[in-house]
Amino acid sequence: MSLVRPEDMALICVERYGSGSVLKYMERGDGTLCCEGPRLAGTYRPLRDCFMSLFLPHGYPDSVSEDYLDYQLWDTLQAFSSSVTGSLATHALLRGSGVGDSTATVTGATITWILRDGTGMVGRILFAWMKGSRLDCDAKRWRLFADVLNDLAIFMEILAPLFPSCFTLTVCIAGIFKCIVGVAGGATRAALTVHQARRDNMADVCAKDGSQETLVNLAGLLVSLVLVPLVSDSFWGTYLLFLFLTCLHLYANYRAVRSVVMETLNQSRLAIVLEYFLREGRILSPAEANPKEPLLPGLGSQVSIDVGVPLNAVVSSVSQLELLKKGNDCRYLLGWRRDTGRLAVVLHEGADSVDVIRSVVHAEILHRRSTSSDPARYQILAETHGQVRHMFPNFCYGLSASGWVTDRNLLDSDDWRANWDVNKGL
């Protein structure tokens, strides 16, 4: 039987799975189809496919954001470090609770554990109430905050047995910190999942992240089985190991959040993009602006502004309302809070995401020209309406052209909406 050469067969169809290699369907001389494509030698292909199906979202890499792999690699390293330090903390807590001590009672240890869990639950509820709406807006900053707080909580748990008289108080405070970590870490992880999922596959991305974390924690437990007995009787060994792993954990966390390139605008990213636009006349892309975003609290030059406040938070008279409306044809009113003096935005009931972005841009520009004198600042406000009216269309077009998302934002606007045009047309 003679072999049919590829050049003698007719190409019928080509196909590929995701962004993988192309398969070619050729017609043999007898009318049957022959499928041709690259082949991987040995057992590498089945192992690779098995690993990807177990731990990576379906359709990877096209189904996730471009920064997915970088973030997950650094996140894996930080999770491993945290798992081992967590084992050191568990060892310290058990010892402090009386494990191995003939004078300790089960009741005392149980009460300590109940108090620790109870105070943590209260802390979880209070933190979610106080900061829940901010976690989406500054997901990277809060993610890093959560991991720093987690390391502090673990350090307190390791120290707790050294101070028996304060053991219960120490572990309760550490429990509060860990519950705050749970809220901040879980919420910011959800925000990052929204960013990473590019095919409405949030559930798959979240599930595979859970699989990765489980594998890493399993590896951490195996390593802990070896390391913890080696250092359990050594004061300096325990703390040197904790110090090394904590440094590794913090560095990996910093690299993880720094690798994330978010296309939605929060106030920090918007301030960075606007400042560069006003100085250079060009819009920074998400890949250029994200590395400049401050990750530590208190850093950054953005103005303090409250978006979506009620009208009575800004004005107390018709004359003040008219001053805010002077020269203003936008679907927002920009002014100053009566109680704190902070810049504040009253949004119109017809305002959309672009209007919110415009209001914050306006606030940033007004802040650069602000003065403490009431008559002067209202005059400056009227002047900046013209400046914003002139520059914002080009700025908004540049945002979209550079890859920024403008149909939604992370500018933390409240839900108050007003209509100051009710008498028009009457």
Side-chain angles (χ1 to χ4, degrees), residues 71-100 109-110 112-121 123-124 127 142-163 166-189 209-257:
Y71 176 83
Q72 294 302 128
L73 289 175
W74 287 110
D75 189 57
T76 296
L77 182 57
Q78 70 85 17
F80 173 80
S81 304
S82 182
S83 177
V84 179
T85 55
S87 297
L88 294 175
T90 301
H91 176 270
L93 286 177
L94 292 175
R95 185 175 59 188
S97 299
V99 175
T110 303
T112 299
W113 232 255
I114 291 174
L115 290 174
R116 173 178 176 265
D117 291 344
T119 53
M121 292 174 187
R124 180 192 297 269
F127 179 77
W142 282 109
R143 178 73 179 183
L144 189 60
F145 165 82
D147 288 299
V148 171
L149 192 62
N150 183 64
D151 288 333
L152 177 59
I154 291 176
F155 181 63
M156 292 179 66
E157 290 177 340
I158 292 176
L159 280 180
L162 300 179
F163 306 97
C166 302
F167 179 80
T168 300
L169 176 62
T170 304
V171 298
C172 285
I173 295 174
I176 294 174
F177 287 173
K178 283 198 168 183
C179 285
I180 292 174
V181 169
V183 174
T188 53
R189 179 59 212 164
D209 180 69
S211 297
Q212 295 170 24
E213 186 173 356
T214 301
L215 180 64
V216 172
N217 287 335
L218 179 60
L221 289 176
L222 294 176
V223 172
S224 298
L225 287 175
V226 177
L227 290 181
V228 172
L230 293 177
V231 301
S232 59
D233 295 326
S234 171
F235 175 86
W236 289 110
T238 299
Y239 287 98
L240 286 175
L241 179 61
F242 170 77
L243 179 62
F244 169 74
L245 292 172
T246 299
C247 292
L248 181 63
H249 179 245
L250 293 176
Y251 177 73
N253 265 295
Y254 175 81
R255 292 296 302 270
V257 296

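Between W142 and F127, the ring planes lie perpendicular to each other; the angle is over 60°, past the 30° to 60° tilted range.
Heavy-atom minimum distance, T119 versus I176: O-CG1, 3.5 Å. Across all their heavy atoms, L250 and D147 have their closest contact at CD2-O, 4.5 Å. Shown here for R124 and G182, the closest heavy-atom pair between the two residues is NH1-C, 4.5 Å. Contact detail for D151 and F242: the closest heavy-atom pair is O-CZ, 3.8 Å. Shown here for A146 and G185, the closest heavy-atom pair between the two residues is CB-N, 4.0 Å.
Taking the six-membered ring wherever Trp is involved, the centroid distance between the rings of F163 and F167 does not fall below 6.0 Å. Ring-centre distance between Y251 and W74: below the 6.0 Å cut-off.
With values rounded to the nearest 0.5 angstrom, I173 atom CD1 is found 10.0 Å from L152 atom CG. Here the CG atom belonging to L218 is positioned 11.0 Å from the CZ atom belonging to F80, to the nearest 0.5 angstrom. From C172, atom SG reaches atom CD1 of I114 across 11.0 Å, with rounding to the nearest 0.5 Å. To the nearest 0.5 angstrom, S81 atom OG is 5.5 Å from L245 atom CG. Rounding to the nearest 0.5 Å places CG of L159 at 11.5 Å from SG of C166.
For the side-chain contact (heavy atoms from CB on, under 4.5 Å) criterion with T85, the lone passing option out of I158, I154, T90, N150 is I154.
When side chains are defined from C-beta on, H249 counts as touching N253, because their heavy atoms get closer than 4.5 Å.
Judged by distance alone, the side chain of T246 and the main-chain N or O of L243 form no donor-acceptor pair under 3.5 Å. Although no hydrogens or angles enter the test, the distance criterion places no donor-acceptor pair under 3.5 Å between the side chain of S82 and the main chain of Q78. Between the S83 side chain and the A79 main chain, no donor and acceptor come within less than 3.5 Å of each other. Without hydrogens or angle criteria, R116 side chain to T168 main chain gives no donor-acceptor distance under 3.5 Å. Of the possible polar contacts, one joining the T238 side chain to the V231 backbone as a donor-acceptor pair under 3.5 Å is found. Judged by distance alone, the side chain of D75 and the main-chain N or O of Y71 form no donor-acceptor pair under 3.5 Å.
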Verify side chain to side chain contact (heavy atoms under 4.5 Å, CB included) between E157 and L88, making sure each step is shown before the conclusion. CA-CA 9 Å; E157 290 177 340; L88 294 175; over 6 Å; no
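Legend: side chain to side chain donor-acceptor pair (under 3.5 Å) pairs involving residues 217-236, not counting sequence neighbours, sorted by first then second residue: S87-S224.
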